[in-house]
Amino acid sequence: MDSKIEILTTVKLAYQPDLYKVVDALNRTLKHDDLMFGLALDPEDQDTAVFTIYRT
């Protein structure tokens with residue numbers, strides 16, 4: 001069974017401590033639409049978050 005994950009877009013923004021709550025809400029709400037959301041710190045700048053939207 002092939003599982004292909006496609007990156008739709010990536011956005012860099014200023015890190016805020018509660019950003020993970022938005023990503024969690026999006027993942028819970030839109031998982032049935034084959035969408036997944038990710039959040040990570042930029043490895044080169046710990047004050048920048050990288051928000052990614054995937055199609056699963």
Side-chain angles (χ1 to χ4, degrees):
M1 181 164 88
D2 275 335
S3 173
K4 185 176 179 184
I5 297 176
E6 172 189 5
I7 295 175
L8 299 178
T9 190
T10 299
V11 178
K12 289 188 177 186
L13 57 153
Y15 174 76
Q16 298 294 318
D18 286 341
L19 279 175
Y20 77 93
K21 293 178 183 179
V22 174
V23 174
D24 183 56
L26 288 168
N27 278 322
R28 290 173 188 261
T29 305
L30 298 173
K31 66 181 174 186
H32 298 295
D33 294 328
D34 296 328
L35 294 172
M36 183 172 66
F37 302 85
L39 185 66
L41 286 177
D42 185 332
E44 297 174 8
D45 180 5
Q46 297 294 302
D47 293 328
T48 301
V50 180
F51 175 71
T52 306
I53 303 173
Y54 305 91
R55 183 175 313 280
T56 58

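These numbers come from a predicted model, not from an experiment. Basis for what follows: all heavy atoms, side chains included, without hydrogens, waters or symmetry-related copies. Residue numbers count from 1 along this sequence.
Rounded to the nearest 0.5 Å, atoms CG (Leu35) and OG1 (Thr29) are 11.0 Å apart. For the atom pair Asn27 CG and Tyr20 OH, the distance stands at 14.0 Å (nearest 0.5 Å).
Screening Thr9, Leu26, Val22 against Phe51 for a side chain to side chain contact (heavy atoms under 4.5 Å, CB included) leaves a single residue, Leu26.
Applying the salt bridge (charged side-chain N to carboxylate O under 4.0 Å, His left out) rule to pairs touching residues 18-36 yields Asp18-Lys21, Asp24-Arg28, sequence neighbours excluded. Residue pairs meeting the side chain to side chain donor-acceptor pair (under 3.5 Å) criterion with at least one partner in residues 36-47, sequence neighbours excluded, are Lys12-Asp42, Asp45-Thr48.
Ile5 forms part of a hydrophobic cluster together with Ile7, Met36, Tyr54, judged by ILVMFWY side-chain heavy-atom separations under 4.5 Å.
Under a hydrophobic-cluster definition in which Ile, Leu, Val, Met, Phe, Trp and Tyr are linked whenever side-chain heavy atoms come within less than 4.5 Å, directly or via other members, Val11 and Val50 are assigned to different clusters.
Closest non-hydrogen pair, Leu19 versus Ala49, comes out as CD1-CB, 3.9 Å.
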